[in-house]
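For ligands, and for the atoms within them, numbers begin at 1 and follow the listed sequence. Just so you know, these numbers use all the heavy atoms, side chains as well, and skip hydrogens, waters and symmetry mates.
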Amino acid sequence: MTNSSEFNSDLPNYKLCPKLLVGQKALVTGANSGIGQAVAIGLARAGADVIINYVTNDAAAQEVVKLIEAEGVRGMAIEADVSKEVEVVDMFAKALDAFGTLDILVPNAGLQRDSSLVNMTLSEWNTVIGINLTGQFLCIREAVKEFLRRGVRKEVSCAAGKIICMSSVHEVIPWAGHANYAASKGGIFMMMKSMAQELAPHRIRVNSIGPGAIRTPINTAAWSTPEAYAALMDLVPYRRIGEPEDIANVAVFLASDMADYIHVLFIFVDGGMTCYPGFATGG
Ligand code: BGC
C-alpha cells in the first residue's frame, strides 16, 4: 500500500498477523489514505469487518474497501464530514444498519492547515479543531451509545468497546506555525483521559496512539526529497521514517483482548521523536 522507500532499506517484516479480531466490527474515520487506510486494512487482516469513513475521493475509498475485502472480511465505505453532527449521526445509523453493531472505533480523521500565528485565519483554526478534535468527540459519542446499549459480546471480546484515538507527537511537542493542529492534538489528550475515566466501569477501553513522522500524504514535503528526509532524520533518533503499518500494528494490538488491561494509554509510535533528540548533544 505504501511504496518502499529508496531512503529505507531496513523495514521490518510485517507479514505476521494473528487473527485477533475475528467477528468484531470496526469503524475507522479518514481511512481512504495514509494512517487510516493502513489501520483499516490491519484490522481487516486481524479478522474484523471494517467500515471506512471518508470525506473526499470516493474512488480511493472504494479501493480501500477492495483491499479490506481481499482479507476475507466485510468492507464498506461511508462518506461523512466528521465535524458535522448530522453527518456523523447519519453515518453511525448506516453503519449499525449494515453491520448490526460496533466493537472498535478508530477516530483518525485529521488534517493540517498550517500558518504562522498572525496569519492564521479563524477558518483555518476552526477547520482543524472541527475535524481533529470535535470530529473525534462526535464519533466517540455515537460509538459509545452503541457500546452501552449492547454491552460485552463475550464471544468476540472481553470489552464492550474499544476506542483508539489518533493523536500525534504534537500532543506534547509544541509546533510553531501549527498552533491549530497542536491545540487539537493537545485537546485529544484531556478529552481521551476524561472519557476513559467515565467509560472504564462500562468495560469500554479508551487509548490513543501518537504517531511521529509517518510516510503519508499529510507530510509529503517532510520526506519526499533526500534533503528533506535527511533533515527529518535529525528529529528521529531511530533514523527511519515511520510507515503507516507501524501505526496499524499498534492499533490492532490495542483493539484486541491482548490489551484488555490497557486503558488510558498514550502510546507514541515515533522512532523516539518525543525523546527530544536535540538534547542528545546539546543542553
Ligand atoms: C503531523 C506530520 C508531522 C509529524 C511529526 C504529525 O502529527 O501530521 O505532518 O510530520 O506529526 O512532526
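- No continuous path of hydrophobic side-chain contacts links Met76 to Ile68 [ILVMFWY only; heavy atoms under 4.5 Å].
- Put simply, Val82 and Tyr181 are part of the same group of oily side chains (I, L, V, M, F, W, Y) that touch within less than 4.5 Å, one to the next.
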Distances under 3.5 Å, N/O of ligand 1 against N/O of the protein: list each pair and its distance.
from	atom 1	to	atom 2	distance (Å)
ligand 1	7 (O)	Ser168	OG	2.7
ligand 1	7 (O)	Tyr181	OH	2.6
ligand 1	8 (O)	Gln112	OE1	2.6
ligand 1	8 (O)	Tyr181	OH	2.9
ligand 1	9 (O)	Gln112	OE1	2.6
ligand 1	10 (O)	Asn219	ND2	3.2
ligand 1	11 (O)	His170	NE2	3.4
ligand 1	12 (O)	His170	NE2	2.7

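- Scanning for side-chain contact (heavy atoms from CB on, under 4.5 Å) contacts around Ser116 gives Val118, Asn119, with sequence neighbours left out.
- If you take CD on Gln112 and CD on Glu124, they are separated by 12.0 Å, rounding to the nearest 0.5 Å.
- Of the inter-residue distances, the one linking Phe92 atom CZ with Asn53 atom CG reads 8.5 Å to the nearest 0.5 angstrom.
- When the side chains of ILVMFWY residues are joined at heavy-atom separations under 4.5 Å, either directly or via intervening members, Ile104 and Ile163 end up in two distinct hydrophobic clusters.
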